[in-house]
Every structure is written in C-alpha cells, then in structure tokens.
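Below is one structure, written out as structure tokens; comments come after it.
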Amino acid sequence: MAEADGGQPSLVAERLGFTWPTGHRALNHCNLTIPHPGLWMLVGGNGCGKSTLLRLIAGLLEPSQGQLQRPLKPALVFQNPDHQLLLPSCGSDLELSLPSSLTASERLERVHQVLQQVGLGGFRQRPIHSLSGGQKQRLAIAGALASDAQLLLMDEPTALLDETSQQEVISLIHQLCHRQEAPITALWITHRLEELSWCDAAALMERGSIGTWQSGATLQNQLKPLATRKG
C-alpha cells in the first residue's frame, strides 16, 4: 500500500520487540506501517500483543528492540473511559488536555470546538457522572483532540458500550479520519468482526506479530469460520 501523496507515513514500527520483566515476550519482530490518515484496525486474540503495541506507540512503554517512527502526536483512548476522565465536568476535564500556551479565551474556544466535533456541543458544564457510556467515550476522544493528537490509539473503545453507542463512536472516528480538513489517523483494536466494515484496512495480529493489511471484508471472511467454530 503506497503512501498518501508521496508524504511520510503516519506510523512506522520496524522489528519491534517487547519483553515484560516476567520474561513473557509480548512483541516479536513486529512490523507495522500506517501509510496515511484513515481508520486502521487490528484483530487478534487475548495475549497476542495488541494492547502492548498501543502502549509502546503512545510512549507509555519503551521497546526492548526495534524502532518506532511517530511523526504524529499519539493519544491513547482506553476501553473504559472512566479510567481517563478525571475531573467533575466535561469542560474541566478537557482543560487538562489543552496546550499550556493557549490564552483563557483560546482555551474556552478550543473546548467548545472539540465538544462540537464529537457531538457534545453545549456539554461544557455537564457533570461527567451524568453522561452515558457512549458520551463518556466521545468525551475521551474529545480530550485526545484537545491535546492536538493526530494519531488516536483506540484500545477496544466499544467493548463496554451498548449497540447504539458502539455505532455512534465508530461512526465518529470514521468521520474524523475522512474529513476534508486535517483528517486524523486511528489505529483501532477490536474483537468485533462486524466493525471491520468501517475500516480502510485491517490486519491480523498473532503471537506478537502483525500480518499484511487487507480489506476489512476480506479479513472478516477469513476469520468468520474460526469465530463460528469457537462459538
């Protein structure tokens, strides 16, 4: 898959390895290139290294070997938004993510803008405890946007949501990745094969390594018989 318009890729991981202090090897000569903005998905079973990979890309862990090229600022969006929403109101929580160089008026405008982008316009003073699970996840995404992140690392972001909220969150990310002005890049981990219909490309992760990018439909068809047998 070629790079977009001859520009640099959104992310490159080369022969990435990571071993936990216990001796467990989570990543093994892992190679991954995201050539341009879009919604890119990784599928794999528990323990294959998906979450470890996201934490390496986010800078929360250091690789044991290999190289990471991250020209875009990353932000990790957790499966459970309650793990990253810290303050009482939507606006106050977003304030934590804003660049410190902004003036008070610029901060207020940025909060307004990112809430609008995620479909939470007018929620600045709304208490976080009053939000639904889907609204909390969209607020977590707003926090990533407020920080000027352009590479969103989505760690099974719909796993704890009802079906309606799942559709709202994945539709939002798809829209952000394909907007005309400043489209973002999203690397999305999932167990839900039906979500592959939204992606630009998908890959299977097994035993700490990643396969080649292919269409979501192709990978879905490959994995459906396996999922049926497991069920």
Side-chain angles (χ1 to χ4, degrees), residues 37-43 46 50-55 57-61 72-100 102 107-179 182-199:
L39 178 50
W40 307 80
M41 290 190 177
L42 293 180
V43 184
N46 292 332
K50 304 186 304 298
S51 293
T52 301
L53 174 65
L54 291 196
R55 281 152 179 76
I57 297 170
L60 301 179
L61 299 172
L72 305 180
K73 181 179 180 180
L76 184 59
V77 177
F78 296 104
Q79 181 182 110
N80 187 343
D82 287 332
H83 292 166
Q84 60 190 117
L85 300 176
L86 304 175
L87 294 183
S89 71
C90 295
S92 62
D93 196 85
L94 291 177
E95 287 269 349
L96 292 176
S97 302
L98 295 176
S100 59
L102 298 180
R107 295 173 77 82
L108 187 62
E109 178 60 23
R110 178 71 67 85
V111 168
H112 173 75
Q113 287 176 350
V114 296
L115 286 172
Q116 287 288 125
Q117 287 179 53
V118 300
L120 297 178
F123 276 52
R124 185 175 69 87
Q125 295 182 311
R126 179 74 68 89
I128 287 178
H129 69 77
S130 70
L131 303 182
S132 68
Q135 289 171 333
K136 286 181 179 180
Q137 196 61 286
R138 283 186 278 151
L139 183 62
I141 294 166
L145 298 176
S147 73
D148 287 333
Q150 296 171 293
L151 173 60
L152 267 56
L153 308 170
M154 315 291 295
D155 193 358
E156 297 191 60
T158 61
L160 303 180
L161 304 180
D162 60 42
E163 187 173 348
T164 298
S165 296
Q166 290 170 19
Q167 292 295 310
E168 289 173 352
V169 169
I170 198 168
S171 176
L172 169 64
I173 293 298
H174 185 272
Q175 181 268 322
L176 292 172
C177 290
H178 296 92
R179 60 189 180 185
I184 66 167
T185 302
L187 180 58
W188 178 295
I189 285 175
T190 186
H191 281 117
R192 303 177 191 275
L193 296 186
E194 63 271 20
E195 291 185 346
L196 296 177
S197 62
W198 289 87
C199 70

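Below, each value reflects all heavy atoms present in this structure, side chains not excepted, and no hydrogens, waters or symmetry copies. Residue numbers start at 1 and run along the sequence shown.
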Got [X] and [Y] here, is their nearest side-chain heavy-atom distance under 4.5 Å?
{"X": "Leu85", "Y": "Leu131", "answer": "no"}
{"X": "Gln137", "Y": "Val77", "answer": "yes"}
{"X": "Leu94", "Y": "Leu87", "answer": "no"}
{"X": "Cys90", "Y": "Leu120", "answer": "no"}
{"X": "Leu145", "Y": "Leu176", "answer": "yes"}
{"X": "Arg110", "Y": "Pro99", "answer": "yes"}

May I ask you to decide if Glu194's main-chain N or O and Ser197's side chain share a donor-acceptor pair within less than 3.5 Å?
-> yes
Flag, side chain of Arg192 to backbone of Glu156, donor-acceptor distance under 3.5 Å = no
Donor on one side chain, acceptor on other, Gln167 and Glu163, under 3.5 Å = no
Do the side-chain N and O atoms of Glu195 and Thr158 include a donor-acceptor pair separated by under 3.5 angstrom?
-> yes
Any salt bridge between Lys136 and Asp93, counting N to O under 4.0 Å?
-> no
Identify all side-chain donor-acceptor contacts of residues 121-128 below 3.5 Å with residues at least two apart in sequence or on another chain.
none

One should read off an interatomic distance between Ile184 CD1 and Arg179 CZ, to the nearest 0.5 angstrom, of 6.5 Å
